[in-house]
Amino acid sequence: MLCRVSKLTTAVKRMVVGRPFRSDSLGHTLLPKRIALPVFASDALSSVAYAPEEIFLVLSTAGLSAYVYAPWIGVAVAAVMAVVVASYRQNVHAYPSGGGDYEVATVNLGPMAGLTVGSALLVDYVLTVAVSISSAASNIGSAVPFVGTHKVLFAVAAIVLLTAMNLRGIRESGTAFSIPTYGFMIGVFVMLVWGGVRLFVLGDHLHAESSGFHLSGNESHLQGIAFAFLIARAFSSGCAALTGVEAISNGVPAFRKPKSRNAATTLLMLGAIAVTLLIGIILMARKLGVVFASDAADLIGAPAGYEQKTLVAQLADTIFDNFQPGFYYITIVTALILVLAANTAFNGFPVLGSILAQDRFLPRQLHTRGDRLAFSNGILFLAGAAIAFVVLFGAEVTRLIQLYIVGVFVSFVLSQTGMLRHWTRLLRTETDPATRRRMLRSRVINAIGLTMTGAVLIIVLITKFLAGAWIAIVTMSAIFVLMRMIRRHYDAVSRELEDQEFTGVLPSRTHSIVLVSKLHLPTRRALAYARATRPDTLEAVTVNVDEPDTRDLVREWGDSDIPVPLKVIESPYREITKPVVDYVKRVRKDSPRDVVTVFIPEYVVGHWWEQVLHNQSALRLKGRLLFEPGVMVTSVPWQLSSSAKARRPEVVNAPGAVRRGFEEQV
């Protein structure tokens with residue numbers, strides 16, 4: 001039965017994950033730029049689906065007149081993105097190993113700065129998945145009401161599906177994701193261009209379905225500092241469009257050679273496309289008069305039972321009002337790229353986790369690759385954490401986005417600070433004029449990047465702290481402390497195992513104990529094996545938990561031909577584990593230089609339910625005895641008849657084997 005369960009588990013794993021790859025085929029998983037763009041840039045590209053919406057949502061607090069600031073906020077966000085892209089192009093050239101912000105901060109600012117970046121990015125990757133998937137649920141809900149009312153269920157199912165696809169390996173997932181990502185880019189470009197043609201060439205009067213609504217916000221209550229705070233908060237929400245930029249610098253090893261140049265080119269393409277889409281959507285939304293509120297009840301003039309569509313869905317519905325398939329196409333590809341945007345995190349999080357594990361800040365299991373050469377443990381950990389956030393926050397983008405982008409801007413600031421020190425250090429020793437000019441130019445770019453990202457981080461902390469950003473900060477701090485504790489543990493184990501010299505002194509004597517419950521074949525086999533080891537002292541021990549059974553065992557033992565003495569340990573509370581452990585401790589105390597070997601007979605069964613019925617006392621005993629110094633525990637297996645099929649070797653006959661006289665085996 002165990003064999004069948006193992007085969008069934010393996011079959012399911014192969015169906016989900018696929019056949020394993022050899023380690024020497026890792027080079028075949030590297031990505032060309034045309035696939036690397038959708039794999040690593042889908043997060044930043046997809047954020048144009050919700051970042052403009054969040055800008056309008058925050059401005060709606062001050063009424064419709066505040067919408068006039070939306071394009072200027074979009075320009076400010078685009079300017080920050082341009083600077084960040086230019087700064088990270090310097091990063092990928094200087095540090096192509098894939099450590100990204102973590103490596104830059106660790107090398108130039110020290111381990112604590114690197115650990116801060118690592119904890120910030122781990123949290124940000126988790127929130128990337130949660131926000132992207134939740135936004136996808138909202139977009140699909142605009143066209144499919146069932147999804148809109150079951151967003152959490154849809155989000156969890158999407159994360160599970162995305163996890164399975166990534167477990168199959170980075171190249172296959174990249175190929176699968178490239179079509180929807182390119183479909184989104186082309187679709188939104190076509191929508192914006194066609195909208196511009198209809199407005200400015202054909203002279204059509206286009207108005208979004210919400211253009212006739214009004215907002216319940218009262219702008220007279222927001223003046224001076226309060227209004228400036230509102231603009232700053234809208235800007236910080238719009239800066240969600242910058243998330244994902246750092247993923248390319250973390251994923252440089254996944255690019256084909258020349259890795260740095262390909263990564264830098266992909267980063268430039270990402271910036272150009274994302275800025276164009278972001279500004280285009282904001283301008284088109286203003287031109288069509290889109291009105292957006294956090295709650296449809298705040299829309300004055302909306303009909304009863306009105307379900308508010310997402311901003312992108314309203315644009316598509318208006319621009320393609322005479323071509324309904326266009327609306328459904330935009331809705332579908334927007335939802336798809338939002339689902340696939342999480343793939344950026346599914347590629348970045350496991351790589352970063354592997355690097356942190358290699359540096360002994362995370363469990364070593366996160367450093368190893370799975371059957372498909374993907375970091376399977378990191379993928380599964382990310383999926384579990386993202387599902388937890390989705391469930392806790394009800395898959396609501398507006399609630400989740402308050403936690404968002406704090407981590408990524410912390411990493412931006414520390415990364416740019418580290419790059420400044422990097423260029424300054426190199427300039428001290430560089431003498432070639434051309435190289436120095438290039439380094440000076442790079443340092444200026446990183447200095448501008450530090451100034452701008454530092455300002456944005458301050459704005460984000462001020463405007464979002466009480467709204468939920470404190471949760472992300474607390475989580476980052478907890479991960480930081482946890483990683484330091486893990487590193488301290490690994491360092492302590494390393495010192496304990498390596499610093500002490502092995503004296504090689506053998507024990508003076510060996511004292512063997514065979515645990516006995518009944519005088520049956522498993523006991524006799526354990527006794528025979530224990531005698532074969534030639535111990536200095538050998539005894540059999542039984543625990544008296546039932547007086548009549550113990551008397552019968554002693555009588556049967558005396559009548560047998562076994563030359564090993566049987567000792568009975570009293571157990572007034574009918575326990576087995578504690579009396580045995582106490583007895584072993586007494587033996588060790590009486591002879592501290594002796595090694596005590598405890599032989600435990602165990603049944604080997606063929607059905608899972610038989611395992612529940614047997615060996616529970618043996619498991620508890622082993623669990624306690626393994627912690628005792630100077631004690632060895634040896635399991636002596638006895639195969640029951642039910643285990644025969646499980647241990648039978650499976651022989652696959654070659655074609656014609658039966659015809660040639662070989663017996664068929666199954």
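The shortest non-hydrogen separation linking G280 to L192 is O-CD2, 3.6 Å. The minimum heavy-atom distance linking L278 with A78 is given by the pair CD2-N, 4.4 Å. Here the shortest heavy-atom pairing between I473 and L461 reads CD1-CD2, 3.8 Å. Scanning both residues, R89 and A264, for their nearest heavy atoms gives NH1-O, 2.8 Å. Considering all non-hydrogen atoms of both residues, A232 and I459 come closest at O-CG2, 3.5 Å. In plain terms, the two heavy atoms of A335 and A136 that are nearest each other are O-CB, 3.5 Å.
For the pair N108 (side chain) and V104 (backbone), a donor-acceptor distance under 3.5 Å is present.
Side chains of I355 and D359 form a contact here, defined as non-hydrogen atoms less than 4.5 Å apart. Contact of the I73 side chain with the L59 side chain is registered, since non-hydrogen atoms from C-beta on lie closer than 4.5 Å. Side-chain atoms of V333 and I186, non-hydrogen and from C-beta on, never get closer than 4.5 Å to each other. You'll find the side chain of F235 reaches within 4.5 Å of the side chain of V456, heavy atoms only. Taking 4.5 Å as the limit, some side-chain heavy atom of V80 sits within range of a side-chain heavy atom of L242. Looking at heavy atoms from C-beta onward, V117 lies out of side-chain contact with V410 at the 4.5 angstrom threshold. Under the 4.5 Å side-chain criterion, counting only non-hydrogen atoms from C-beta, R286 is in contact with P71. When side chains are defined from C-beta on, Q90 counts as touching W423, because their heavy atoms get closer than 4.5 Å.
The ring pair (Phe, Tyr, Trp, His ring centres under 6.0 Å) test with F56 is passed by exactly one of Y67, F292, Y50, Y69: Y67. Checking L338, I337, V312 one by one against F184, the side chain to side chain contact (heavy atoms under 4.5 Å, CB included) holds for a single residue, I337.
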Would you please test Q416 and N446 for side-chain hydrogen bond (donor to acceptor under 3.5 Å, both in side chains) and show each step?
CA-CA 6 Å; Q416 299 311 303; N446 287 127; 2.7 Å; yes
Full working for side-chain contact (heavy atoms from CB on, under 4.5 Å) between S134 and E396:
CA-CA 6 Å; S134 300; E396 292 293 337; over 6 Å; no
side-chain contact (heavy atoms from CB on, under 4.5 Å) assessment of K151 paired with S138
CA-CA 7 Å; K151 290 193 294 185; S138 298; 3.8 Å; yes
Do R425 and H422 pass the side-chain contact (heavy atoms from CB on, under 4.5 Å) test, and can you show the C-alpha distance, the side-chain angles, and the key distance before you say yes or no?
CA-CA 5 Å; R425 186 178 66 253; H422 168 79; 3.6 Å; yes
Check the pair L440 / V444 against side-chain contact (heavy atoms from CB on, under 4.5 Å), numbers first and verdict last.
CA-CA 6 Å; L440 287 169; V444 169; 5.6 Å; no
Does the side-chain hydrogen bond (donor to acceptor under 3.5 Å, both in side chains) test come out yes or no for N91 and S415, once each step is laid out?
CA-CA 8 Å; N91 289 38; S415 172; 2.8 Å; yes
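Summarising the local packing, CZ of R360 is surrounded by more than 12 heavy atoms from other residues, nucleotides or ligands at distances under 6.0 Å. Residue M112 places its CE atom among more than 12 non-hydrogen atoms of other residues, nucleotides or ligands, all under 6.0 Å distant. Around the CZ atom of R487, the shell of radius 6.0 Å holds more than 12 heavy atoms that belong to other residues, nucleotides or ligands.
Salt bridge status for D432 with R436: absent, with no side-chain N to carboxylate O gap under 4.0 Å.
Aromatic rings from Y88 and F412 are positioned such that their centres are separated by under 6.0 Å.
Of the N and O atoms on the side chains of S236 and T463, at least one donor lies less than 3.5 Å from an acceptor on the other residue.
Geometric assessment of R399 against the ring of F393 yields a negative cation-pi assignment under the 6.0 Å and 45° thresholds.
Remark: I486 CD1 to D491 CG distance equals 12.0 Å, nearest 0.5 Å.
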